[in-house]
Number of protein chains: 2
Amino acid sequence: MNILIAEDDEHIAESLRKNFAEDGNHVMIAKDGKEAIRISDKILFDIILLDWRMPEITGIEVCRHIRENGSKVPIILLTALSQIKNKIEALNLGADDYVTKPFSFEELNARMKAVIRRYQSNTDELVFYEITVDLINRKVCTPHGKINLTVKEFDLLKYFILHKGSIMSKEEICRDVWNLEFVPTTNLIEATVKNLRKKLEENTGKNLIKSIYGEGYLLIAE
Amino acid sequence: MNILIAEDDEHIAESLRKNFAEDGNHVMIAKDGKEAIRISDKILFDIILLDWRMPEITGIEVCRHIRENGSKVPIILLTALSQIKNKIEALNLGADDYVTKPFSFEELNARMKAVIRRYQSNTDELVFYEITVDLINRKVCTPHGKINLTVKEFDLLKYFILHKGSIMSKEEICRDVWNLEFVPTTNLIEATVKNLRKKLEENTGKNLIKSIYGEGYLLIAE
DNA sequence: AACAATAATGAAATTACTTTCATTTTTAAT
DNA sequence: ATTAAAAATGAAAGTAATTTCATTATTGTT
């Protein structure tokens with residue numbers, strides 16, 4: 001995981017870094033808010049830990065900046081007990097959670113996990129069998145590796161998954177995937193289904209797309 | 001807007017249909033839960049109104065079915081006063097809101113608007129100037145119409161918007177958009193920027209992508 | 001089993017996208 | 001103003017995706 005720590009206290013920063021790096025994470029440290037903004041603008045992190053009190057630009061301001069840039073990256077605020085009263089307040093500031101100093105690694109780890117899990121369940125993914133479809137980045141993954149799909153193959157797979165368990169006629173597929181009013185006289189759909197099937201089968205060993213003679217195609221429900 | 005109404009009471013269904021159709025909406029009516037599932041599986045609506053009490057399959061079951069299929073389409077439950085106690089309960093069932101019968105069109109309209117607005121702010125869109133970037137469907141819209149971008153142009157625009165206001169060097173663009181470790185000796189980036197600029201300018205009349213001599217490119221912040 | 005309709009296939013043709021090349025224009029510094 | 005580096009441009013080359021074609025295989029029906 002890519003972790004950004006914005007913390008001006010070198011001792012705390014270093015002990016956090018060590019802790020996370022031991023688990024195989026890639027950690028970057030920003031010594032102040034300015035640096036945190038500069039780095040977070042350019043690198044996508046899995047989670048960002050922001051010290052509230054930092055010279056010049058505070059963690060809150062960094063948080064606001066990140067959110068204004070459209071990023072939904074998980075952010076946890078590190079605060080002294082007096083600075084924040086409850087989670088609602090942290091949420092209003094755009095953070096996902098907060099941890100009061102002094103804190104234990106156990107507590108911080110637990111909160112980080114929760115925030116990341118919540119974030120991931122909010123990302124636009126479809127999961128089907130062992131296949132994970134990332135709708136934003138258009139990546140399709142299985143435990144055996146990444147499947148490279150073309151644009152049309154991806155759109156078709158997405159359509160099948162959203163309609164898994166029901167037979168989709170070629171008319172519907174044409175309308176919804178190709179934006180065509182009429183089914184072409186050629187075998188456009190069949191050819192695309194063939195290529196999609198091949199790639200899925202190479203990775204899963206299964207033929208998940210059934211042909212229903214005279215009716216259409218069906219992605220078998222789990 | 002595409003509206004699906006699932007309501008077994010023909011009178012209510014028809015008066016709703018009439019009401020929405022007058023505002024230029026496209027309305028479909030499902031006479032029972034089974035039909036609602038069949039239709040909602042195949043057509044993407046902007047909002048779905050579900051009567052709770054319907055023969056065989058209830059609105060709740062339709063709602064659960066829709067959510068299990070991964071759809072986040074806005075759903076409002078139409079219920080008799082006794083069936084549901086509060087919004088939390090409706091939310092737990094997967095609905096976005098509920099309206100108790102008998103209801104006024106004013107109330108229903110207001111709740112529909114709120115739910116749709118909430119939904120839209122949750123969709124993965126970037127908004128920049130008058131440009132709306134739909135990250136899921138990879139569509140780019142302006143008030144003057146749709147902009148057709150190629151994959152690379154889209155990825156580059158998305159990257160610029162996420163980093164608007166800061167200068168992005170060619171090294172960074174290469175790394176993050178092209179996944180290249182080194183800047184190619186050719187003018188790959190310049191050529192792509194050129195094409196993206198052209199398309200944006202045709203639609204907005206502005207050149208939003210500035211060149212910073214010797215440093216990189218900058219999408220000017222709003 | 002024979003038939004006609006439907007679906008699958010491999011490869012070719014077409015189209016669109018991506019990258020490169022050669023040249024011109026712009027920029028910042030002298 | 002001159003210059004050298006950087007950036008922009010138009011068009012060509014290269015690559016990949018999409019669609020079509022011709023053929024073979026499969027399916028349901030008689």
Side-chain angles (χ1 to χ4, degrees), chain A residues 137-140 146-160 167-202 206-220, chain B residues 137-140 146-160 167-202 206-220:
Chain A
N137 301 305
R138 300 199 142 230
K139 300 270 189 298
V140 179
K146 207 167 139 280
I147 307 180
N148 279 314
L149 298 184
T150 69
V151 171
K152 280 277 131 60
E153 288 163 4
F154 184 93
D155 289 345
L156 185 59
L157 174 60
K158 173 177 161 186
Y159 185 70
F160 278 143
I167 299 170
M168 305 312 293
S169 71
K170 292 186 181 166
E171 286 77 15
E172 291 168 316
I173 295 171
C174 267
R175 176 163 50 78
D176 298 335
V177 179
W178 271 269
N179 282 311
L180 295 171
E181 279 307 310
F182 303 103
V183 179
T185 56
T186 64
N187 65 343
L188 174 53
I189 293 172
E190 291 86 341
T192 311
V193 167
K194 188 202 114 197
N195 294 330
L196 176 58
R197 266 184 181 146
K198 194 183 166 205
K199 290 186 184 179
L200 291 181
E201 204 159 351
E202 281 169 359
K206 291 170 191 165
N207 179 13
L208 302 167
I209 304 169
K210 282 250 175 307
S211 304
I212 311 298
Y213 190 86
E215 297 193 58
Y217 293 97
L218 162 71
L219 188 73
I220 53 177
Chain B
N137 302 305
R138 299 199 141 230
K139 300 269 189 299
V140 180
K146 205 169 140 282
I147 308 181
N148 279 314
L149 299 184
T150 69
V151 171
K152 279 277 130 58
E153 288 162 4
F154 183 93
D155 289 345
L156 185 59
L157 175 59
K158 173 178 162 187
Y159 186 70
F160 278 143
I167 298 170
M168 305 311 294
S169 71
K170 291 184 184 169
E171 284 78 15
E172 290 166 318
I173 294 171
C174 267
R175 176 164 49 79
D176 298 334
V177 179
W178 271 268
N179 282 312
L180 295 172
E181 279 307 310
F182 302 104
V183 180
T185 55
T186 63
N187 65 343
L188 175 55
I189 293 172
E190 290 87 341
T192 311
V193 167
K194 188 202 115 198
N195 294 330
L196 176 58
R197 265 183 181 146
K198 194 183 166 204
K199 290 185 184 178
L200 291 180
E201 204 160 351
E202 280 169 0
K206 293 170 190 165
N207 178 13
L208 303 166
I209 304 169
K210 283 249 175 309
S211 304
I212 312 298
Y213 190 86
E215 295 192 58
Y217 292 98
L218 163 70
L219 188 74
I220 53 177

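Everything numeric in this text was worked out from a predicted model, so none of it was measured. We name chains A, B, ... by the order of the sequence lines, and we start the count at 1 in each one.
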So which of N207(B), N195(B), L157(B) actually passes side-chain contact (heavy atoms from CB on, under 4.5 Å) with L200(B)?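 The side-chain contact (heavy atoms from CB on, under 4.5 Å) with L200(B) is passed solely by L157(B) among N207(B), N195(B), L157(B).
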Could you check V193(B), T186(B), T192(B) and say which one makes a side-chain contact (heavy atoms from CB on, under 4.5 Å) with I189(B)?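 Running side-chain contact (heavy atoms from CB on, under 4.5 Å) over V193(B), T186(B), T192(B) with I189(B) returns exactly one hit, V193(B).
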Describe, as an angle rounded to 10 degrees, how the axis at the first end of the helix from dA1(C)-dT30(D) to dT30(C)-dA1(D) is tilted relative to the axis at the last end, five pairs per end.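 Angle reported: 30°, given to the nearest ten degrees.
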Rounded interatomic separation in angstrom, taking [atom1] from [X] and [atom2] from [N]:
X: I189(A); N: dT20(D); atom1: CD1; atom2: P; value: 11 Å
X: N195(A); N: dA16(D); atom1: CG; atom2: P; value: 16 Å
X: L196(A); N: dA17(D); atom1: CG; atom2: C1'; value: 15 Å
X: N179(B); N: dT18(C); atom1: CG; atom2: C1'; value: 15 Å

Please figure out whether T185(A) or E153(A) has its closest DNA chain D nucleotide nearer the 5' end.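 Closer to the 5' end of DNA chain D: E153(A).
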Could you pull out the closest heavy-atom pair between [X] and [Y], with the gap in Å?
X: I173(A); Y: M168(A); result: CD1-O, 3.7 Å
X: Y217(A); Y: S211(A); result: CE2-OG, 3.5 Å
X: K210(B); Y: R197(B); result: C-NH2, 3.8 Å
X: I167(A); Y: E172(A); result: O-OE1, 4.0 Å
X: T150(A); Y: E153(A); result: N-OE1, 3.0 Å

Are K158(B) and L149(B) packed together at the side-chain level, in the sense that at least one heavy-atom pair is separated by less than 4.5 angstrom?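 No, side chains not in contact.
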In B/S/- notation, 5' to 3', how is nucleotides 12-17 of chain C contacted by protein heavy atoms closer than 4.0 Å? -----S
Under-3.5 Å N/O pairs linking protein and nucleotides 6-10 of chain D:
| residue | atom | partner | partner atom | Å |
| --- | --- | --- | --- | --- |
| dA6(D) | O4' | Y213(B) | OH | 3.1 |
| dA6(D) | O3' | G214(B) | N | 3.3 |
| dA7(D) | OP1 | G214(B) | N | 3.0 |
| dA7(D) | OP2 | K170(B) | NZ | 2.8 |
| dA7(D) | O3' | S211(B) | OG | 3.4 |
| dA8(D) | OP1 | R197(B) | NH1 | 2.6 |
| dA8(D) | OP1 | R197(B) | NH2 | 3.1 |
| dA8(D) | OP1 | S211(B) | OG | 2.3 |
| dA8(D) | OP2 | Y217(B) | OH | 2.6 |
| dT9(D) | O4 | N187(B) | ND2 | 2.4 |
| dG10(D) | N7 | K194(B) | NZ | 3.4 |

Report the distance from atom CZ of F160(B) to atom CD1 of I209(B), rounding to the nearest 0.5 Å.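 Those atoms lie 5.0 Å apart.
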When rounded to the nearest 0.5 angstrom, what is the spacing between NZ in K152(A) and CG in L196(A)?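 Going from the NZ atom of K152(A) to the CG atom of L196(A) covers 13.5 Å.
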Is W178(A) close enough to dT19(D) that one of its side-chain N or O atoms is under 4.0 Å from OP1 or OP2 there?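 Yes, within the criterion.
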Are the charged groups of D155(A) and R138(A) less than 4.0 angstrom apart, N to O?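 Answer for the salt bridge query: yes.
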